[in-house]
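So the structure is just underneath, and the comments pick up after that.
Since the model is a prediction, treat every value here as computed from it, not as a measurement. Values below: every heavy atom of this structure, side chains too, minus hydrogens, waters and symmetry copies.
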Amino acid sequence: MLPRVVKTCARAAGNVSVCGAIRHYCKRNNAPRKIRVTEALSGTEVGTRIKVQGWVRSVRPQKDNLFLHVSDGSTLQLLQIVASPELNDTLLTFGSAVEVTGCLVKSPNRKQPVELQADHIRVVGECNPVEFPFKIKERHGLEYIRQFPHLRCRTNIFSALLRIRSEATAAIQSYFRENGFLQIHTPVITSNDCEGAGELFKVEPSGHHVTEKEGESDGHFFSVPAFLTVSGQLHLEVMSGAFPGVYTFGPTFRAENSQSRRHLAEFYMVEAEISFTQSLEDITKVMEDMFKSATEHILARCAEDIHLFHKHIAVGHRQNVDAMLTRKFNTISYTEAIDVLNRSSQTFTFKTDWGCDLQTEHEKYLVNHCGNIPLFVTDYPYDLKPFYARDNQDHPRHTAAAVDLLVPGIGELCGGSLREERLDMLGARLAQAGLEDSYQWYLDLRRFGSVPHGGFGMGFERYLQCILGVDNIKDVIPFPRFSHSCIL
Ligand code: 4AD
């Protein structure tokens, strides 16, 4: 695309050019180095001619100088551009995309370390500030910017979220790599319903599908019904037959007809599976360590971005995060949790009888009751958990070795269990559920070199909500999908 506007200060005197009131102390014979705003602000390139590309956040024409602030998404901070007024143009507006070339100098203003003395400004993409949904110097709320999923990355708060999300992804990957886990790319399309909850999206070709032998078509592209994955757990269990620790981190799909603040139809889940363990504590240790290690990492690497959330979105939330990092997570059994709920003076909407699933209101109450520190609830009623959960064989209160991690403000963050490794018991449970035929391969895992194992899954968006204090899950994922909404 041709530049729509190019303005240049053409006068040069030897190695030093003078343009309007601006003096450049950079040698002009070298081609400018293209750098990011974050690198420019680090000051290492002071005295160099550089080129920066980004989007205008403010335009301030004055008698002697034109001041611009430019963001390129690499940092929350803006780079100040100082230029001669003759470089100003009506197309240089809030939101427009620009390429600026000039000399990077130390700034006389103590508020910023450097500024770019521009001799060349090119408007790469115009932006009509009247029609642009975001306004200069206005702090738009998360709910407002959610209406513009195609443009919200241009706001400070959402670009901060995206940097944190990217760093958190890397931090979680690092945790597992540093602790000897192997990453497995589990499939997105699967023929299993791991959770057995029937919340599956079916996968079929959109057009007419003809099989090789016309007339023998069974009506399925894959010859069996296929679905978008609700969990990579069963595929991780396959791999835990050959490796001591495996993990996966990918998109997960649930056809839950929910508009809640903590449910999406497509979300990211981190899942881990650990071999040679008969103890739920081995699983909860990994959950707690991963949570703390990833959070410490991003607090250190994204300090400014996180501060923005704790200053404007969830005021004072930093203290809660620090408490979660410094205190040991609590543990109670499901049976104790039910006792706590039944002794409470609070009126709950949902029943709190032994055998009933814990609802968000119960989870939030329990976390609060236990000091607002993340809380492991263990040993749920056997009938509440999917077929793979290990039977505790503790009649008459029949429980499974399953655990949920509940966190302040959100409720359930992780779900995990020891897996039933005993062939006869697993076979009986699958038969009871009518799944024996389709899960022969799963039974095979218990036939050939089976080891006791267990694992968990953590909802990545709920994790981000938890550390940032964001109320609505739709505000922590780039493109939220939920019932009745699939924009873009
Ligand atoms: O508790 P869940 O259903 O556990 C499993 O899927 C296991 N198979 C995981 C395993 O053991 N490998 O889901 C795990 C977590 C939940 O605790 C929650 O944080 C998140 O995934 N989650 C959702 N997040 C957003 N939207 C939804 N609809 C979610 N459903 C579950």
Side-chain angles (χ1 to χ4, degrees), residues 175-184 186 190 192-196 229-249 269-291 329 331-335 376-395 397-405 412 414-433 435-436 438-458:
Y175 170 81
F176 283 116
R177 293 174 72 87
E178 283 159 19
N179 286 281
F181 285 75
L182 187 78
Q183 184 179 11
I184 303 291
T186 50
T190 170
N192 306 303
D193 177 6
C194 172
E195 295 307 293
T229 184
V230 293
S231 164
Q233 176 193 323
L234 301 185
H235 300 96
L236 285 187
E237 282 194 65
V238 168
M239 301 307 174
S240 72
F243 301 98
V246 286
Y247 77 100
T248 189
F249 189 171
M269 183 155 36
V270 184
E271 295 181 86
E273 202 65 28
I274 301 146
S275 308
F276 299 98
T277 177
Q278 284 179 299
S279 149
L280 263 189
E281 277 170 26
D282 287 345
I283 313 296
T284 57
K285 181 174 185 324
V286 176
M287 288 186 200
E288 182 167 346
D289 286 354
M290 179 197 67
F291 180 97
F329 292 3
T331 303
I332 60 170
S333 70
Y334 167 88
T335 302
F376 292 113
V377 179
T378 64
D379 304 303
Y380 280 77
Y382 186 73
D383 289 339
L384 284 183
K385 291 294 164 184
F387 64 86
Y388 53 71
R390 194 174 198 275
D391 191 340
N392 277 332
Q393 291 188 293
D394 51 352
H395 300 286
R397 289 226 145 156
H398 191 185
T399 62
V403 56
D404 280 357
L405 175 61
E412 183 190 332
C414 301
S417 72
L418 294 180
R419 318 306 187 189
E420 186 56 80
E421 85 286 7
R422 293 160 293 189
L423 181 61
D424 52 340
M425 297 184 68
L426 183 60
R429 192 157 196 202
L430 285 170
Q432 204 183 19
L435 296 170
E436 212 179 6
S438 44
Y439 281 88
Q440 277 304 317
W441 65 270
Y442 191 63
L443 290 167
D444 266 358
L445 302 179
R446 276 67 179 170
R447 287 192 185 105
F448 306 116
S450 174
V451 298
H453 62 285
F456 71 93
M458 177 181 86

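- A salt bridge links Glu420 with Arg422: at least one charged nitrogen is closer than 4.0 Å to a carboxylate oxygen.
- In this structure, Trp441 and His235 have parallel ring planes: the angle between them is below the 30° cut-off, well short of the 60° mark.
- Annotation: side chain of Arg446 is not in contact with side chain of Met425 (no heavy-atom distance under 4.5 Å).
- Note: Leu234 CG to Asp193 CG = 9.0 Å, rounded to the nearest 0.5 Å.
- Remark: Glu421 CD to Leu426 CG distance equals 9.5 Å, nearest 0.5 Å.
- To the nearest 0.5 Å, the span separating CD1 on Ile283 from SG on Cys414 amounts to 11.5 Å.
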Do Val238 and Leu445 pass the side-chain contact (heavy atoms from CB on, under 4.5 Å) test, and can you show the C-alpha distance, the side-chain angles, and the key distance before you say yes or no?
-> CA-CA 7 Å; Val238 168; Leu445 302 179; 4.1 Å; yes
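- Note that the OG1 atom of Thr186 and the OH atom of Tyr247 stand 11.5 Å from one another [nearest 0.5 Å].
- Going from atom CZ of Phe456 over to atom CG of Leu418 covers 13.0 Å, rounded to the nearest 0.5 Å.
- In this structure, the side chains of Phe329 and Met287 stay at 4.5 Å or more apart for every pair of heavy atoms.
- Among all heavy-atom pairs drawn from Met290 and Val270, the shortest one is SD-CG1, 4.1 Å.
- Between the CE atom of Met269 and the CE atom of Met458 there is a distance of 10.5 Å, given to the nearest 0.5 Å.
- Closest approach of Ala389 to Arg429, counting heavy atoms only: O-NH1, 4.1 Å.
- With hydrogens and angles disregarded, a donor-acceptor distance shorter than 3.5 Å links the side chain of Thr248 to the backbone of Ile184.
- Around CZ of Arg177, the count of heavy atoms belonging to other residues, nucleotides or ligands within 6.0 Å does not exceed 12.
- Annotation for Phe181 and Ala272: closest pair CE2-CB, 4.2 Å, computed over non-hydrogen atoms.
- With a 6.0 Å radius and a threshold of 12 heavy atoms from other residues, nucleotides or ligands, Gln183 has its CD atom above the threshold.
- Asp404 has a carboxylate O that lies under 4.0 Å from a charged side-chain N of Lys385, or vice versa, which qualifies the two as a salt bridge.
- Ring pair Tyr380/Tyr334 is tilted by interplanar angle, where 30° to 60° counts as tilted.
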Before giving the answer on side chain to side chain donor-acceptor pair (under 3.5 Å), spell out for Thr399 and Asn392 the whole-Å C-alpha distance, their side-chain angles and the decisive distance to 0.1 Å.
-> CA-CA 6 Å; Thr399 62; Asn392 277 332; 2.9 Å; yes
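- A salt bridge links Asp444 with Arg447: at least one charged nitrogen is closer than 4.0 Å to a carboxylate oxygen.
- A heavy-atom distance below 4.5 Å is not found between the side chains of Glu273 and Met239.
- Looking at Thr331, its side chain never comes within 3.5 Å of a backbone N or O of Phe376 through a donor-acceptor pair.
- Residues Ile274 and Asp282 approach most closely at CD1-O, 4.2 Å, considering heavy atoms.
- A distance-only check finds a donor-acceptor pair linking the side chain of Glu271 to the backbone of Gly232 [under 3.5 Å].
- Taking the six-membered ring where the residue is Trp, Tyr439 and Tyr442 present perpendicular rings, their angle passing 60° and hence far from 30°.
- For Tyr388 and Glu195, the side-chain atoms include at least one donor-acceptor pair closer than 3.5 Å.
- Minimum heavy-atom separation, Val451 to Ser275: CG2-CB, 3.9 Å.
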